[in-house]
Amino acid sequence: MRRLSRRAAVRQPHLMDHLRAVVWGPAEFVGLPPWWLVGEGILAGRLAAAAIVGTAVAGAWYGVPGLAHGEAGLVCALALSLYLCVVRAGRALIGIVTVFAVCLALHTPQAAAGVVLAERGRVEPVVVTSVQDSTAAAGHGRYLCSVTDQHGVPLKVRIWRGCGHTTRPGDALAVVYDPEGRVPPRGAEAGASWTRPLRELGGWTVALVAAGVIAVVRSYRLSHTGSGRPGPSLPSPDR
């Protein structure tokens, strides 16, 4: 019985180390991680973020629905997750990186439309036909205005920028629209720049890159069989 209890006590730390390596990554280095490993993580995260945002902007600019609506961004997020699986990063960190990448892909289509409208959008006045308070339905104090253009044709989308509690039917609002019709119109904003929608994605981008760096760094193994990346050779003892 004592031998069995000793064997169980010896196996338990090894089991905990194995579980820790599987969940969070082995991180088999002493002190600071190798600089090239940090660079690899930064490169992987930035390439993934650039691919997610770039495909959405290109899709909105050229009118490719599969790119503009974020489907390509989700594919890029999946590719990043597969890369982390290949290097055998920790399961929990792979999940965290995937969540950040998917959130970035879901927020990018609106930002991409904002980039297109800021670059080639044109401003024209519209007339408000009705105002709806969406506070109760959406949980925030936003008003939605149904509008018609100068020819009396109703717009298919409702405008919330510039539409407030003081807006009444018959009031005039300014909307910016894409002359090529590839993105829906929205309320005009003073001093809008094409960089502003991209800056709004900064939080998700930083979170994605930071999580990617941690996942890649902690995937480091000294053995050749772990992630396929050999560790540094140890000096042989003097004879």
Side-chain angles (χ1 to χ4, degrees), residues 39-87 89 92-123 134 137-140 142 144 155-163 175-216:
E40 181 180 342
I42 294 175
L43 180 62
R46 294 185 66 174
L47 284 178
I52 292 172
V53 176
T55 53
V57 173
W61 187 272
Y62 295 106
V64 183
L67 300 179
H69 296 164
E71 287 87 347
L74 294 176
V75 173
C76 296
L78 177 60
L80 178 60
S81 301
L82 291 178
Y83 162 75
L84 294 177
C85 291
V86 169
V87 301
L93 293 175
I94 293 176
I96 293 173
V97 172
T98 303
V99 169
F100 285 147
V102 170
C103 289
L104 178 61
L106 295 178
H107 284 81
T108 300
Q110 285 294 325
V115 171
V116 173
L117 292 176
E119 276 296 291
R120 68 181 183 207
R122 298 180 181 178
V123 180
S134 62
H140 49 72
R142 178 174 293 180
L144 301 175
L155 271 64
K156 296 181 180 180
V157 296
R158 290 183 294 181
I159 306 299
W160 63 267
R161 291 181 178 87
C163 182
V175 299
V176 56
Y177 71 97
D178 179 15
E180 299 185 13
R182 292 172 180 170
V183 297
R186 61 177 58 173
E189 295 180 285
S193 171
W194 67 270
T195 60
R196 180 177 178 181
L198 298 180
R199 289 197 303 267
E200 294 176 353
L201 300 175
W204 291 113
T205 302
V206 171
L208 172 60
V209 174
V213 170
I214 296 174
V216 172

Asks: Please round to the nearest 0.5 Å and tell me the distance separating atom CD of Glu180 and atom CZ of Arg182.
Replies: 4.0 Å
Asks: I want to check something: taking the side chain as every heavy atom from C-beta on, are Tyr83 and Val216 in contact at a cut-off of under 4.5 Å?
Replies: yes
Asks: Rounded to the nearest 0.5 Å, what separation is found between the OG1 atom of Thr98 and the CG atom of Leu84?
Replies: 7.0 Å
Asks: Say you draw a straight line from CD of Glu200 to OG1 of Thr195; how long is it, rounded to the nearest 0.5 Å?
Replies: 10.0 Å
Asks: Would you say that more than 12 heavy atoms from the other residues, nucleotides or ligands in this model lie under 6.0 Å from the CZ of Arg46, or not?
Replies: no
Asks: Between Gly59 and Ala68, which heavy-atom pair has the shortest distance, and what is it?
Replies: C-CB, 3.5 Å
Asks: Leu104 and Trp204: which non-hydrogen atoms are nearest, and at how many Å?
Replies: CD1-CB, 3.9 Å
Asks: What closest approach, in Å, do Val213 and Gly41 show between heavy atoms, and which atom pair accounts for it?
Replies: CG2-C, 3.6 Å
Asks: Rounded at 0.5 Å granularity, tell me how far CD in Glu71 sits from SG in Cys76.
Replies: 12.0 Å
Asks: Of all heavy-atom pairs between Gly114 and Pro197, which one has the smallest distance, and what is that distance?
Replies: C-CG, 3.8 Å
Asks: Taking the side chain as every heavy atom from C-beta outward, state whether Leu208 and Val97 have any atom pair closer than 4.5 Å.
Replies: yes
Asks: With rounding to the nearest 0.5 angstrom, report the CG to CH2 distance, Leu67 to Trp61.
Replies: 15.0 Å
Asks: Thr108 and Ala56: which non-hydrogen atoms are nearest, and at how many Å?
Replies: CG2-CB, 3.2 Å
Asks: Which atoms form the tightest heavy-atom contact between Ala211 and Ile96, and what is the distance?
Replies: CB-CG2, 4.2 Å
Asks: Are any of the side-chain heavy atoms of Pro185 and Val157 separated by less than 4.5 Å?
Replies: yes
Asks: Under a 4.5 Å cut-off applied to non-hydrogen side-chain atoms, are Leu117 and Arg186 in contact?
Replies: yes
Asks: Looking at Gln110, I want to see if its CD is surrounded by more than 12 non-hydrogen atoms of other residues, nucleotides or ligands under 6.0 Å.
Replies: no
